[in-house]
Amino acid sequence: MHPIRRFTSGNSPARNVPRWGWSCVWVALCGLAALAPAGCQNQTSALARLPDTMAQFIAYEPLIGTDDPGNVPEYESIVATQEPRRVLNQGKMEYWDATLEEILRIALANIAVIRDRAQFLSPSNLLLANPDATPSGFDPAIQESGGPNSYRGVETAQADFDPVLTLSTIWSDNALIQNNTFLSGGLQAGSELDENNAAFIAQASKTLTTGGQLTLSQTWDYNQNNAPNRLYTSVYVGALTAAYRQPLWAGSGVDFTSIAGPLSRNIPGGPLNQGLEIARLNTRISTIDFENRTMTLLKNVTDAWWDLAFAYEAYESEVQARDAAKQIWDQIKSRVDNGLERASVADEAQSRANYLERCVQTSDALTVLYQREAQLRRLIGLNVNDGFLIRPADGLRAQEATPDWQQTLAEALTHRIELRRQKTVIENVTIQLRAARSLANPQVDFISSYNINGFGDNLFNINNRGPYPGAYGTLFAGNQTGWNLGFQASMPLGFRAAKTQIRNLELRLAKARSVLAAQELEISHELANAYQQSDRWLANIELQEAKQEAARERAAAVAADYRTGRTSIDLLVRAEAALTEATVAYQKSQAEYRKALTELNYRAGRLLETLNITLADGISDARAYRATLARNLERVRGATPQALQIARENTAENTAEDTADGTIEQVSATQPASAGKKSPSRPFGPAAPEYSPFQLPPDDSTSADQPAATHPTTDADTEATSPD
């Protein structure tokens with residue numbers, strides 16, 4: 001007979017199985033409800049003391065999944081896009097006079113996929129060659145929900161402390177011929193023992209933040225057979241048990257559990273499980289990486305913006321040069337056609353060739369303009385052509401001055417994302433080392449349990465037969481109890497795997513700290529290069545402006561000489577070409593200086609601040625940020641104890657040399673030795689500097705004692721060269 005069918009047939013006590021089954025489930029759920037709030041409360045109170053520095057900024061939440069593979073997002077604007085603008089098919093020209101702020105706002109709105117300017121048209125373009133590695137606004141949310149490369153998210157790490165409910169119900173039936181009267185429960189040898197069994201377990205377990213495990217379980221075992229000499233033919237035996245197991249040495253405490261999770265999930269010598277703190281640090285690193293990619297995108301967009309502004313200026317200059325060449329050619333051609341003097345066929349051919357050359361240059365400049373406008377559209381996520389041509393509303397004229405070096409270096413040591421990321425890595429390895437050292441101890445656990453036993457003919461007092469008619473009545477009476485208490489210890493002899501893991505983490509921590517120091521040195525070199533480039537283009541602006549003025553005067557003088565017949569068309573053409581080249585070079589120096597300032601802010605880590613953009617995570621602790629900035633200012637100014645010691649050592653080493661001259665120069669820790677000395681002014685005019693190896697011939701009309709005239713500087717130059 002089928003075991004379930006036998007349980008539910010006739011007058012067997014097993015007819016109450018559905019009722020006692022649901023009753024056990026109800027008791028287990030009540031225990032779970034009593035257990036879960038207490039466990040969650042302990043977890044919250046314990047985790048509240050942990051530093052919650054996890055970044056809250058998530059650019060995009062993961063989309064709801066679908067089983068339809070064709071349901072993918074599409075750029076619908078691609079269908080309606082117009083063909084790209086080009087020289088031979090410019091289309092209807094409608095300008096969109098946009099500001100840099102508007103362009104950056106569009107770039108941030110379309111940050112779902114972050115494009116790299118340098119990878120365009122490259123065979124190694126990540127967007128096409130390796131799409132999974134393409135930076136995206138989804139990356140923080142992906143890490144938060146589980147992370148790539150088997151990294152756990154915060155929610156996954158918190159799941160280690162979720163209560164676990166286990167339900168188990170097993171029925172069995174057995175018929176067996178008895179061979180021994182003494183072992184058959186009173187049956188005669190050769191008789192058949194018919195036995196029905198059922199077992200039910202309802203268990204709720206909860207891992208606490210201390211590393212301990214609390215378990216509440218309800219068990220019932222049902223047995224019915226035909227053996228004589230039994231109080232009841234069928235009987236229910238069970239217990240309500242509360243057990244608690246707490247690690248006391250290896251893997252114990254809130255500190256270890258918050259770092260590596262429960263001890264049961266960690267293998268001695270193996271990689272540490274990613275607990276809540278490690279998951280938070282992984283999320284912070286992912287957010288920092290996203291911020292870095294966002295800042296790189298904004299830098300690329302800003303550079304592309306100024307390149308487009310320069311392309312417009314260069315194109316306008318080429319158009320003016322083309323129109324001037326056309327005017328010269330028309331005048332010479334008219335003279336040749338009318339047979340006038342001072343005009344030859346050779347002059348007409350040369351002026352025509354010059355005009356055609358300027359047409360070529362204008363066409364190339366227009367192509368470059370269209371290409372840079374398209375590159376800007378690509379970076380900010382717009383389609384190729386929507387009928388409008390982006391035209392920067394901001395001019396190229398630069399008014400900013402180069403900022404103070406010490407302040408900028410201190411801000412770079414505070415702001416730079418790479419340093420923040422490396423410090424987070426150091427924090428991650430440090431807490432892993434702390435957890436690994438805990439595993440290098442013997443595992444000693446405290447074990448305890450308390451159970452209330454139940455016994456009865458039925459689960460509930462249905463038939464009221466005998467002294468124990470209801471098992472739950474006996475259980476709730478609490479007269480039959482039991483408990484156990486003790487300790488359990490285990491340890492590998494030598495702890496070879498645990499010690500190897502500690503050594504590995506110590507080496508990784510030493511490397512991470514050395515990398516941080518090397519990164520600070522590298523950043524100072526990057527910042528110095530950005531300073532050199534900004535000064536280069538700032539000086540270049542003044543020099544190119546003076547060169548443009550000289551070229552303009554030359555072109556005017558040559559044109560006047562040509563009108564009077566004192567020079568040839570060749571010199572006039574060369575003078576006009578030189579003027580155009582000088583104008584374009586001056587415009588390029590303006591654009592490059594704006595890009596150099598962007599590069600300087602980028603290397604200083606304050607690009608988002610200068611662009612007035614703030615990510616949602618912001619500064620987690622403004623007080624700590626101000627303290628770090630103040631400490632870095634002391635470092636770069638030489639006011640820290642380490643810097644003072646170095647200054648004393650350097651002073652002691654140079655004492656002998658200084659004494660030979662009879663004077664000792666006092667060196668202050670907060671002021672460089674060269675402070676107070678007047679630095680030579682930078683030559684922005686056409687006159688050569690005094691230290692230049694190429695000296696200009698002296699002017700006879702100028703006195704030898706009179707300094708050479710220089711081009712007057714602008715207000716921006718005065719601010720840049722004035723001491724702080």
Side-chain angles (χ1 to χ4, degrees), residues 7 12-43 161-172 195-225 230-247 262 264 445-488:
F7 263 102
S12 173
R15 62 183 179 272
N16 298 321
V17 168
R19 179 177 298 177
W20 68 256
W22 285 111
S23 302
C24 295
V25 173
W26 178 82
V27 172
L29 292 178
C30 291
L32 177 63
L35 176 63
C40 295
Q41 183 177 1
N42 293 335
Q43 175 185 351
F161 305 98
D162 291 344
V164 178
L165 176 64
T166 303
L167 298 176
S168 175
T169 302
I170 300 176
W171 293 273
S172 64
E195 189 173 22
N196 294 323
N197 295 286
F200 175 81
I201 300 176
Q203 176 178 294
S205 61
K206 164 75 174 177
T207 301
L208 306 179
T209 55
T210 59
Q213 187 172 16
L214 180 62
T215 303
L216 179 64
S217 62
Q218 166 72 74
T219 60
W220 286 115
D221 292 327
Y222 170 77
N223 178 264
Q224 183 269 332
N225 59 44
R230 289 166 55 99
L231 178 62
Y232 298 112
T233 304
S234 62
V235 65
Y236 291 88
V237 180
L240 180 63
T241 305
Y244 178 67
R245 185 186 188 101
Q246 173 64 48
S264 58
D445 295 348
F446 169 75
I447 301 174
S448 62
S449 66
Y450 183 82
N451 56 284
I452 302 176
N453 301 318
F455 179 86
D457 182 26
N458 292 278
L459 280 178
F460 303 98
N461 190 5
I462 298 177
N463 298 326
N464 194 18
R465 297 183 305 176
Y468 306 104
Y472 269 117
T474 307
L475 180 70
F476 292 147
N479 296 324
Q480 290 81 35
T481 61
W483 59 270
N484 63 69
L485 190 69
F487 299 91
Q488 181 178 351

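- One finds the CD atom of Q488 at 6.0 Å from the CG atom of D445 (value rounded to the nearest 0.5 Å).
- F455 approaches V235 most closely through the heavy-atom pair CE1-CG2, 3.0 Å.
- Considering all non-hydrogen atoms of both residues, A198 and W171 come closest at CB-CD1, 3.7 Å.
- A distance of 3.0 Å separates CG in N484 from OG in S449, rounded to the nearest 0.5 Å.
- Here the OG atom belonging to S234 is positioned 5.0 Å from the CG atom belonging to D457, to the nearest 0.5 angstrom.
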Stepwise, does the side-chain contact (heavy atoms from CB on, under 4.5 Å) test hold for T241 with W483? CA-CA 9 Å; T241 305; W483 59 270; over 6 Å; no
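- Distance check, rounded to the nearest 0.5 Å: OG1 of T169 to CD1 of I201 gives 9.0 Å.
- For the pair K206 (side chain) and T215 (backbone), a donor-acceptor distance under 3.5 Å is absent.
- Defined by atom type and a distance below 3.5 Å, a donor-acceptor pair is present between the side-chain atoms of Q246 and T210.
- In this structure, the side chain of Q213 does not engage the main chain of A243 through any donor-acceptor pair within 3.5 Å.
- With sequence neighbours excluded, the residues forming a side-chain contact (heavy atoms from CB on, under 4.5 Å) with N453 are A239, N451, Q480, listed by chain and number.
- Atoms OG and CG, from S205 and L216 in turn, are 10.0 Å apart once rounded to the nearest 0.5 Å.
- E195 CD to S172 OG: the interatomic distance, rounded to the nearest 0.5 Å, is 7.5 Å.
- Side-chain contact between R230 and N225: present, with at least one pair of heavy atoms (C-beta onward) separated by less than 4.5 Å.
- Between T481 and Y450 the shortest side-chain heavy-atom distance falls below 4.5 Å.
- Residues satisfying the ring-ring contact (aromatic ring centres under 6.0 Å, His included) test with F446, not counting sequence neighbours, are F487.
- Taking the six-membered ring for Trp and the full ring otherwise, the centers of Y472 and W220 sit less than 6.0 Å from each other.
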